[in-house]
Novice: 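Provided herewith is a single structure, encoded as structure tokens, for subsequent inquiry.
Per chain, numbering begins at 1; letters A, B, ... match sequence-line order.
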Amino acid sequence: MLEGRGLNAEQEKAVRTTDGPLLILAGAGAGKTKTITERIVHLVCRGVPAEKILAVTFTNKAAKEMRERIVRALNDERMLNRPLSRGALGTPAPFISTFHGLGVHILKENARVLGITRNFAIFDRSDSIRSIKEAMKQVGVDPKQFEPRRILSAISREKGTGTTAGEYEIEAGNDYFKRTLARVWRVYEQVLAKENALDFDDLLLKAVRLLQADAAVRKHYQSVWSHIHVDEYQDTNDIQYEFTKLLAGEKQNICVVGDIDQTIYSWRGANIDHLLAFEETFPGAHTVILTKNYRSTKTILSAANEIIEKNANRKEKVLVTDNDDGEAIALYGGFDESDEARHVVERAQELIARGTPPQEIAVLYRANFQSRTLEEAFLYAGVPYQVLGTRFFERKEVKDTLSFLRCALNPESSSDFKRIINVPPRGIGKVTLLKILDGKEDTLPPTMREKVSNFKNLLISIKEHALTEKPSKTIKYIITASGLEKQLLTGDDEDKERLENIKELVTLASKYDGFEPREGVEKLLEDAALASDQDSLEKSTDTVKLMTVHASKGLEFDFVFITGLEDGLFPHTSDADENRDTEEERRLFYVALTRARKRVFLSYAATRMIYGSREVNVPSEFISDISSDYIEEGEEGYRDEQERSEFLIIE
DNA sequence: ATCCCATCCATTTTT
DNA sequence: TGGATGGGAT
Ligand SMILES: Nc1ncnc2c1ncn2[C@@H]1O[C@H](COP(=O)(O)OP(=O)(O)OP(=O)(O)O)[C@@H](O)[C@H]1O
């Protein structure tokens, strides 16, 4: 049954190894994700009930794609009249999700045991930062002395290793920073608890703690899922590793897939050791190594190999392809970032003119701020594009709208209440708000009391809608009843765009119209909280994609532009420059190169505006690390040195 | 309560 | 450079 599914011998071996621990190692584009997908199809065909299969992916988008591919493949099998584990009706699907989605699932199913409510809020980064600030204020720590962002990322890192606030406090000892951190952390947890909220790390930490502490729950999930898969295993952190181990249980039907050269998240706790030590963690593991790349041209692959070979902290591995040599890698040096951007757009236009679909072109960069210049150039040239990473659900207007919904359903949520009580402005300010939160509402002047009770009635009627109407209708109601629509309609162009975004939210919400009203809005809120950068890729097809290299993980495109290849930017250098970081930068560049199927375009800018002042840059070492045989240098942005110096003088 | 403007400071990378 | 913040005027 594997014939015709387009697998090579190594991949097929991985697919057929269905029992016990299985480790699949391979370089980029060797078909790791494809192999897991086919393995799941194979398991179902062999009689494993689909709902007993679990797969963890890195993003929701990857989860969705895998689910779709599996469903499609299973339908094909059904066409061939092969009996499946279940009848055609109500086809059970495998559980495919991110680690965070999996955490939410388990926490919701066990909310009662945990003493939390089912409708807990999930705090994103900005919510968490706000809570950290609040905690710092309560504890009396100056946010100028300790940056809330740093505090949060330190806490996040700790939580990612499985540590809780109490444990950290004990370990903190006499270190001033650690003790301060411990104090803030403790109050931060109190703030979260009061809000009935969990942060991203809690979704993993609390689920793992539950599985550790409660044998019955643990056994339950170990039997719910008999076969476990984890994609991108090289980027799992300690808590995710623990999660995986707990779920695998005694049976250890666990299959992980990864490539140590593609570890690009160690800065947030990803630990390669989990992949390297797999055979020790799961004794008796089978290992399959995939060596054939199906994605890229020989040229791209050779360049990628040259790059990654320079890392010391890795295991040598083979990666070959039967594909053609393909075109040389293009290189362009612009005199500034606008010139670089203009060149990228021109080349993209050429490709599109010659028939390349725009969505087969990706423009990658190291840091988000670089997208602005590129975006301007695309806008100016009228080439359709989409920037990933400006997350839809993090836009203020969208968060506000969802806050109305959450607040209506969960009046305890004071962060939502605070957020929206005066959005749009309805004459309730700081002082009034404090009185309400203090329970001194009856001391307010009558006109103010009227305003407050109007607002509360608004929440009540939103709740009524949410419990009885379709989610999309509820959102629509929020927009009009709250006065948001009126406010934005009378505003400037930016406000009009905001209104468009909220209308887009209505469309998005309609995807949940098929559920029971309450379940629908809960799912909507959950998905909104867990959305990832890549998720917006699903819609808006025929556009060139602009994104960070991190966001391009796991994706592939015919043509890939890697921009901003300047020393200090890519590879990025910071003050605390350790070896680990420089090797990770190299891996990041390796990931960028290997996204391309047909051709790679490298570019840099000789000068770049940073913090409003013009910086002169040296081209990245990565460029010279690729042998010139593979590179074809384009003309420079300035014709000669004279023109260049004239330009610099003007600046 | 709200709005406007001056000042300050920052950029990795994200579920 | 431009977004975030806070002080002061209305
Ligand atoms: N046996 C095969 N025959 C033909 N094409 C294949 C085969 N295996 C994989 N491919 C194709 O190669 C490409 C890369 O596959 P996939 O995305 O699964 O690789 P990957 O190892 O997960 O890559 P990466 O680690 O870079 O994300 C896909 O377009 C896939 O369809």
Novice: Do you know which of D235(A), D238(A), T244(A) makes side-chain hydrogen bond (donor to acceptor under 3.5 Å, both in side chains) with H274(A)?
Specialist: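 That would be D238(A); it is the only one of D235(A), D238(A), T244(A) passing the side-chain hydrogen bond (donor to acceptor under 3.5 Å, both in side chains) with H274(A).
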Novice: Is the F177(A) ring parallel, tilted or perpendicular to the F146(A) ring (thresholds 30°, 60°)?
Specialist: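 Tilted: the ring planes of F177(A) and F146(A) meet at 30° to 60°.
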Novice: Want to settle it: does A551(A) or M448(A) sit nearer the 5' end of DNA chain B, counting the closest nucleotide to each?
Specialist: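 The answer here is M448(A).
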Novice: Under 6.0 Å from the NZ atom of K496(A), do we count more than 12 heavy atoms belonging to anything else shown?
Specialist: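 Enclosed.
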Novice: Does anyone know the first and last nucleotide of DNA chain C in reach of chain A, 5' to 3', at under 4.0 angstrom to a heavy atom?
Specialist: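 Both ends considered, the range comes out as dT1(C) to dT5(C).
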Novice: Hey, is OH on Y380(A) packed in by over 12 heavy atoms from elsewhere, all under 6.0 Å?
Specialist: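 No, not enclosed.
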Novice: Report the distance from atom CD1 of I421(A) to atom P of dA1(B), rounded to the nearest whole Å.
Specialist: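 After rounding, the gap between these two atoms is 11 Å.
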Novice: Check every strand shown and say whether R372(A) touches a base, only sugar-phosphate, or nothing at a heavy-atom separation below 4.0 Å.
Specialist: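 Contact class for R372(A): sugar-phosphate only.
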Novice: Run the side chain to side chain donor-acceptor pair (under 3.5 Å) check on T57(A) and E232(A) step by step: do they pass?
Specialist: CA-CA 7 Å; T57(A) 59; E232(A) 309 278 13; over 6 Å; no
Novice: Rounded to whole angstrom units, what separation is found between the CG atom of D527(A) and the P atom of dT15(B)?
Specialist: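 Nearest whole value for this atom pair: 14 Å.
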Novice: Just by distance, do the side chain of R426(A) and the backbone of I421(A) share a donor-acceptor pair under 3.5 Å?
Specialist: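 Side chain of R426(A) to backbone of I421(A): a pair is present.
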Novice: Under 4.0 Å: is that the gap between some side-chain N or O of N422(A) and OP1 or OP2 of dT2(B)?
Specialist: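 Yes, within the criterion.
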Novice: Determine the contact category for K451(A): base if any of its heavy atoms lies under 4.0 Å from a base atom, sugar-phosphate if only primed atoms, P, OP1 or OP2 are that close, otherwise nothing.
Specialist: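 Touches nothing.
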Novice: Please state how far atom CG in L203(A) lies from atom C1' in dT15(B), giving the value in whole angstrom units.
Specialist: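 For the pair L203(A) CG and dT15(B) C1', the rounded distance is 9 Å.
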Novice: Measure the distance from CD on Q487(A) to C1' on dT2(B) and round it to the nearest whole Å.
Specialist: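 It is 13 Å, rounded to the nearest whole Å.
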Novice: For residues 254-265 of chain A, pull every pair meeting salt bridge (Lys or Arg N to Asp or Glu O under 4.0 Å), keeping only residues two or more places apart or in separate chains.
Specialist: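 For residues 254-265 of chain A: D259(A)-K317(A), D261(A)-R314(A), D261(A)-K317(A).
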Novice: L152(A) has an atom CG; how far is it from atom C1' of dT14(B), in whole Å?
Specialist: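 Going from L152(A) (CG) to dT14(B) (C1'), I get 12 Å.
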Novice: Nearest to the side chain of F200(A) - dA1(B), dT15(B), dT13(B)?
Specialist: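 Closest nucleotide among those given: dT15(B).
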Novice: Does the ring centre of F58(A) sit less than 6.0 Å away from the ring centre of Y265(A)?
Specialist: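 Judged by ring-centre distance (under 6.0 Å), Y265(A) and F58(A) do meet the cut-off.
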Novice: Would you measure the distance from the P atom in dT13(B) across to the matching atom in dA4(C) and give it in whole Å?
Specialist: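 That atom pair is separated by 15 Å.
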Novice: Assign Y265(A) to base, sugar-phosphate, or nothing according to its heavy-atom contacts below 4.0 angstrom with the strands shown.
Specialist: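 Touches sugar-phosphate only.
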Novice: Given atom CZ of F393(A) and atom P of dT14(B), what is their separation to the nearest angstrom?
Specialist: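 To the nearest whole Å, that distance equals 18 Å.
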Novice: Could you list the residues that satisfy salt bridge (Lys or Arg N to Asp or Glu O under 4.0 Å) with R372(A), not counting sequence neighbours?
Specialist: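 Expected list: none.
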Novice: Using whole Å, report how far NZ of K553(A) lies from C1' of dT15(B).
Specialist: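 Taking atom C1' of dT15(B) as the reference, NZ of K553(A) is at 12 Å.
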Novice: Whole-Å distance between dT14(B) C1' and L530(A) CG?
Specialist: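 After rounding, the gap between these two atoms is 13 Å.
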Novice: For K523(A), which residues count as a side chain to side chain contact (heavy atoms under 4.5 Å, CB included) partner, sequence neighbours excluded?
Specialist: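 Here the qualifying residues are Y512(A), F515(A), E519(A).
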Novice: Can you tabulate the close N/O pairs, meaning under 3.5 Å, that link protein atoms to atoms of nucleotides 7-12 of chain B?
Specialist:
residue : atom : partner : partner atom : Å
dT11(B) : OP2  : R149(A) : NH1          : 2.2
dT12(B) : O2   : R366(A) : NH1          : 2.5
dT12(B) : O2   : R366(A) : NH2          : 2.2

Novice: Does the separation of the ring centres of F417(A) and F455(A) fall below 6.0 angstrom?
Specialist: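 Ring centres of F455(A) and F417(A) closer than 6.0 Å.
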Novice: Are the charged groups of D400(A) and R419(A) less than 4.0 angstrom apart, N to O?
Specialist: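 R419(A) and D400(A): salt-bridged.
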Novice: Can you tell me which stems involve DNA chain B, if a stem is defined as three or more consecutive Watson-Crick or G-U wobble pairs, both distances under 3.5 Å?
Specialist: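 Result, WC/G-U stems under 3.5 Å: B:1-10 with C:1-10.
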